[in-house]
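Structure first, then comments.
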Amino acid sequence: MTFPFEYRKLGDFTYNLLSDPGEIKSYLLKWIMSEWELDHNEAPEEHWTVAWMAALPKMEFTLQVIHLDNICPNVDLWSAEDFQTGLQERADERELSMLRGVSIEPLLVNRHGFELMDGYTRYTVLKRYKQNEAYAYVGEVE
């Protein structure tokens, strides 16, 4: 299945976007869910992954521009020292490609509490470069 991405610039960075709610959901269920399943197999004690995998199929999504300051990283994940170390390394690598103009995906945010569900590396780079807004697929359980 191919997805009809479009490219838009917001702030200093270019995003590859889907705007149709059905296509967003299909894309997330195919790619993000498989990523989370791998994460869960590697670290089954990370309860947030289980919660996200349970919530994702029930959510409906819209593409939105949201203020980065409104996004709330998962407290347990964000406070894990191993995660922070790996995150900084991934952000350093991703930063170079983003600065060269490689497009990025929108963040994945749960409307309930504006919890960041996916995109911690992109979020970190966007914050480094003091971007005020980001594209996000905002999901809500109907």
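Numbers for residues simply follow the sequence, beginning at 1.
Pairing each heavy atom of Gly113 with each of Cys72, the nearest pair is O-SG, 3.6 Å. Closest approach of Gln131 and Gly11 over heavy atoms only: OE1-CA, 3.3 Å.
Side-chain contact between Leu108 and Leu56 is present, with at least one heavy-atom pair separated by less than 4.5 Å. Contact of the Met33 side chain with the Leu28 side chain is not registered, since no non-hydrogen atoms from C-beta on lie closer than 4.5 Å. A heavy-atom distance below 4.5 Å is not found between the side chains of Tyr15 and Lys9. Side-chain atoms of Leu63 and Arg8, non-hydrogen and from C-beta on, do get closer than 4.5 Å to each other. Residues Pro21 and Glu60 fail the side-chain proximity criterion, which asks for heavy atoms closer than 4.5 Å. Considering only heavy atoms from C-beta on, Tyr135 stays 4.5 Å or farther from Gln64 through its side chain.
Atoms CG and NE2, from Asp76 and His47 in turn, are 3.5 Å apart once rounded to the nearest 0.5 Å. Going from atom CZ of Phe114 over to atom CD1 of Ile66 covers 5.5 Å, rounded to the nearest 0.5 Å. Here the CE atom belonging to Met53 is positioned 6.0 Å from the CD atom belonging to Glu37, to the nearest 0.5 angstrom. Annotation: the span from Glu42 atom CD to Asp39 atom CG amounts to 6.5 Å, rounded to 0.5 Å. Going from atom NZ of Lys130 over to atom CG of Leu68 covers 12.0 Å, rounded to the nearest 0.5 Å.
In terms of hydrophobic clustering, with Ile, Leu, Val, Met, Phe, Trp and Tyr side chains grouped at heavy-atom distances under 4.5 Å, Trp31 and Leu18 are assigned to a common cluster. Linking Ile, Leu, Val, Met, Phe, Trp and Tyr whenever their side-chain heavy atoms come within less than 4.5 Å leaves Tyr7 and Val102 in two separate clusters. Residue Trp48 is not grouped with residue Leu38 when hydrophobic side chains (ILVMFWY) are merged at heavy-atom distances under 4.5 angstrom, including chains of intermediate members.
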Is there a side chain to side chain contact (heavy atoms under 4.5 Å, CB included) between Ile104 and Arg94 once you walk through the steps? CA-CA 10 Å; Ile104 59 173; Arg94 178 60 73 88; 4.1 Å; yes
Can you check side chain to side chain contact (heavy atoms under 4.5 Å, CB included) on Val65 and Leu10, steps first, answer last? CA-CA 9 Å; Val65 174; Leu10 180 64; 3.9 Å; yes
Residues Val50, Trp36; criterion side chain to side chain contact (heavy atoms under 4.5 Å, CB included); working and verdict: CA-CA 8 Å; Val50 174; Trp36 288 347; over 6 Å; no
Walk me through whether Ser103 and Phe5 qualify under side chain to side chain contact (heavy atoms under 4.5 Å, CB included). CA-CA 11 Å; Ser103 63; Phe5 292 104; over 6 Å; no
List the atom pairs, donor and acceptor, that lie under 3.5 Å between side-chain atoms in residues 115-129 and the rest of the protein, sequence neighbours left out.
residue: Glu115; atom: OE1; partner: Trp52; partner atom: NE1; Å: 3.4
residue: Glu115; atom: OE2; partner: Trp52; partner atom: NE1; Å: 3.4
residue: Glu115; atom: OE2; partner: Asn74; partner atom: ND2; Å: 2.8
residue: Asp118; atom: OD2; partner: Arg122; partner atom: NH2; Å: 3.4
residue: Tyr120; atom: OH; partner: Asn74; partner atom: N; Å: 2.8
residue: Tyr120; atom: OH; partner: Leu116; partner atom: O; Å: 2.7
residue: Thr121; atom: OG1; partner: Arg90; partner atom: NE; Å: 3.3
residue: Arg122; atom: NE; partner: Glu105; partner atom: O; Å: 3.0
residue: Arg122; atom: NH2; partner: Pro106; partner atom: O; Å: 3.1
residue: Thr124; atom: OG1; partner: Tyr120; partner atom: O; Å: 2.8
residue: Lys127; atom: NZ; partner: Asp69; partner atom: OD1; Å: 3.0
residue: Arg128; atom: NH1; partner: Asp92; partner atom: OD1; Å: 2.9
residue: Arg128; atom: NH1; partner: Glu95; partner atom: OE1; Å: 2.4
residue: Arg128; atom: NH2; partner: Gln88; partner atom: OE1; Å: 3.2
residue: Arg128; atom: NH2; partner: Asp92; partner atom: OD1; Å: 2.8
residue: Tyr129; atom: OH; partner: Glu95; partner atom: OE2; Å: 2.5

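Looking only at distances, a side-chain donor or acceptor of Lys25 sits under 3.5 Å from a matching main-chain atom of Met59. A donor-acceptor pair under 3.5 Å is formed between the side chain of Thr85 and the backbone N or O of Glu81.
With Phe61 as the fixed residue, the side chain to side chain contact (heavy atoms under 4.5 Å, CB included) test singles out one of Ile24, Val109, Asp20: Ile24.
Two rings, from Tyr27 and Phe3, have their centers less than 6.0 Å apart.
Counting only N and O atoms by type, the side chains of His67 and Asn132 include no donor and acceptor under 3.5 Å apart.
Atom CG of Asp82 is surrounded by 12 or fewer heavy atoms from other residues, nucleotides or ligands within 6.0 Å.
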